[in-house]
Asker: 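Here it is, the structure, as structure tokens.
Order of listing sets the numbers, starting from 1, for every ligand and every atom in it. The first residue in the sequence is number 1, and the count goes up from there.
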Amino acid sequence: MDLAFVSSPSRNTMKVLASVGALSQMLLTPGCRGHKLLLQLYFYTRSGLANSRRMASSSLDQKSRIFAVEPNIYSPNPFYFTCSRGPSAPFMTPKDWPMLDQGGLAFSVCIAKGARVKTASLHKSLGQELSQQLPDSEILRLISYSPENLPGSLEKGFFILPPHSCPDAQKRLCKVLMKYPQGIQLCSYSKGEEHEIWQCLWELNGGAKETARSRVLRVEEPVSSPFVDSIKGSAMFYSLEDACDVLEECSSVIPEAKEVLASVQPHRPLDEGRFPVIVIEGLDATGKSTLTESLRSHLNAALLKSPPDCISQWRTIFDSESALIKRAYYAIGNYIGAAEIAKASKTSPVIVDRFWHSTAAYTIATEMGGGIHNLPDHHHDVYQWPEDLLRPDLVILLTVSDEERIHRIRKRGLQETKEERELEANSMFRQRVEEAYKRMENPACLIIDASPPMAVVLQEALALIKKHCDI
Ligand SMILES: Nc1ncnc2c1ncn2[C@@H]1O[C@H](COP(=O)(O)OP(=O)(O)OP(=O)(O)O)[C@@H](O)[C@H]1O
Ligand SMILES: Nc1ccn([C@H]2C[C@H](O)[C@@H](COP(=O)(O)O)O2)c(=O)n1
């Protein structure tokens, strides 16, 4: 399927063009009104169509891309679409696309693939700016890709749904995007008279100019989710080298990255030591610190955490970076922690507060939207332990009800992190994190219901340790 453009516009086409084009004219010529605007629109539409033909053989002369939008209030599953004029193609109607059912416009913003760290940082800052400039709009994650070359062609971006009460959304959006002259593709989506959906491509060179348009087609959900491919290429690291590459790439702009890299041990311990290594995992305020401290004193064990103390001073810096850099920091933290664990396990059992499973579960839950049915299937690669990372003997996952966990967060009274606030506000995110933990393999998590009093939770943990570890 090739991207196609309208060559001889029907009356309806002209109307759609006019309604969308009007916005651009208003942008380009502030103060323009009435007949003058109509005349301008007419000439503009003609030249826009000529441009469309030119565009068809230039920047858009590529195999048709598929757009995927993360699950949202209108759609519990990601939805997929493309653009074409194939004669038998099933065009999308606002019924298929409920966000346009009431009219109005939607927008996609795609960031062209470039250097990994730069592109991820651009994605992050653009996302933040869009949220600031369009506070009432729904800003969803979008990826676009060519089905023939999914990982290689994958580009990230946003799908923006302004409220009907925000007629200047496009103007505000363009104002943000004009600051990024290259590598950003803006498309708008509107309903046509026959209930078809039109995609209009905009050029943002000094002003907003519509350059091409095509009908939107429905695409079936692919067997392998591009969102999962996107995780593997952008925020999950299954080897130390992979994560170090990212911090090396960003070390010229984030000097702390050099400090983190300097803490990495050249020799990677995998199964050194004699005493068992027990990891305690769970959502915030499920009682990990409380239990790890009790286990430490009961087992006369060493207590370690990931990220380890030697790099935790830079944690807030990396937390504020793109997902790529943030998760590279946590991934490396696990490897630096592993060296400490291996050393400590030569002399005593080791209890670890969070390890690889946290890194993986939070990343998967953050990158995949919607309900737990959108998570990668059980036994998927993403749930496997990295081969070059020290493997614990036992991983215990603490679970408590949402109400109890939130009660504990409030009772604890410490300052809540952004993520804790999100976890508190977003029950679906909490469920995705917990379910991702439960799907981890080799080693899998053994679950303890941590709702009962602390002494009961401790006894259960000790019983599991006795059963599974040589203590
Ligand atoms: N079994 C329990 N019953 C009741 N309260 C508990 C229990 N375990 C821990 N708490 C209380 O819940 C709060 C959170 O516990 P804790 O700090 O151990 O959780 P955490 O999982 O380490 O949190 P975070 O990951 O955010 O650091 C604390 O105030 C703690 O005293
Ligand atoms: N090994 C680790 C430890 C922590 N994280 C991330 C996961 C969450 O984003 C956050 C939770 O940590 P807390 O606030 O409870 O200290 O840190 C990780 O990715 N890997």
Asker: Between Ser306 and ligand 2, is there a nitrogen or oxygen pair with a distance under 3.5 Å?
Answerer: yes
Asker: N/O to N/O below 3.5 Å, does that happen between Gly287 and ligand 1?
Answerer: yes
Asker: For ligand 1, which atoms have a heavy atom of Arg354 less than 4.0 angstrom away?
Answerer: 25 (O)
Asker: Looking only at distances, can you tell me whether any N or O atom of Lys288, backbone or side chain, sits closer than 3.5 Å to an N or O atom of ligand 1?
Answerer: yes
Asker: Report yes or no: does a heavy atom of Glu281 sit under 4.0 Å from some atom of ligand 2?
Answerer: no
Asker: Looking at Ala450, which atoms of ligand 1 are within less than 4.0 Å of one of its heavy atoms?
Answerer: 1 (N)
Asker: Phe107 pairs by side-chain contact (heavy atoms from CB on, under 4.5 Å) with which of Leu134, Leu177, Leu186?
Answerer: Leu186
Asker: Under 4.0 Å from a heavy atom of Pro453: which atoms of ligand 1 are those, numbered in the order shown and with their elements?
Answerer: 1 (N)
Asker: May I have the step-by-step check of salt bridge (charged side-chain N to carboxylate O under 4.0 Å, His left out) for Glu293 and Arg296, ending in yes or no?
Answerer: CA-CA 5 Å; Glu293 184 50 43; Arg296 186 195 64 75; 2.9 Å; yes
Asker: Answer side chain, backbone, both or neither: which part of Phe355 comes under 4.0 Å from ligand 2, heavy atoms only.
Answerer: backbone
Asker: Is any N or O atom of Thr290, backbone or side chain, closer than 3.5 Å to an N or O atom of ligand 1?
Answerer: yes
Asker: With the threshold set at under 4.0 angstrom, would you say Glu293 reaches ligand 1 through any of its heavy atoms?
Answerer: no
Asker: Does any N/O atom on Thr286 come nearer than 3.5 Å to any N/O atom on ligand 1?
Answerer: yes
Asker: If the cut-off is 4.0 Å to any non-hydrogen atom of Asp284, which atoms of ligand 2 fall inside it?
Answerer: 13 (P), 14 (O), 15 (O)
Asker: How far apart are the C-alpha atoms of Trp356 and Tyr330, what are their side-chain angles, what is the distance that settles it, and do they pass the ring-ring contact (aromatic ring centres under 6.0 Å, His included) test?
Answerer: CA-CA 8 Å; Trp356 161 259; Tyr330 282 109; over 10 Å; no
Asker: If I apply the N/O under 3.5 Å rule, does Glu404 come out as touching ligand 1?
Answerer: no
Asker: Need the ligand 2 atom indices (1-based, order shown) with element for anything under 4.0 Å from a heavy-atom of Thr359.
Answerer: 1 (N), 2 (C), 18 (C), 19 (O), 20 (N)
Asker: Under 4.0 Å from a heavy atom of Pro307: give me the atoms of ligand 2 that qualify, with their elements.
Answerer: 3 (C)
Asker: Short list, please: which atoms of ligand 2 are under 4.0 Å from a heavy atom of Arg315?
Answerer: 4 (C), 10 (C), 11 (C), 12 (O), 13 (P), 14 (O), 16 (O), 17 (O)
Asker: Using a 4.0 Å cutoff against the non-hydrogen atoms of Pro452, which atoms of ligand 1 qualify?
Answerer: 1 (N), 2 (C), 3 (N)
Asker: Look only at interatomic distance and state if Asn334 has a nitrogen or oxygen under 3.5 Å from any nitrogen or oxygen of ligand 2.
Answerer: yes
Asker: Can you find a non-hydrogen atom of Ala331 under 4.0 Å from ligand 2?
Answerer: no
Asker: Quick check: closest heavy atoms across His379 and Gln384, and the distance to 0.1 Å?
Answerer: O-NE2, 3.7 Å
Asker: Please could you name the atoms of ligand 2 that Arg327 approaches to less than 4.0 Å, counting only its heavy atoms?
Answerer: 7 (C), 9 (O), 19 (O)
Asker: Mind checking whether Gly282 has a heavy atom under 4.0 Å from ligand 1?
Answerer: no
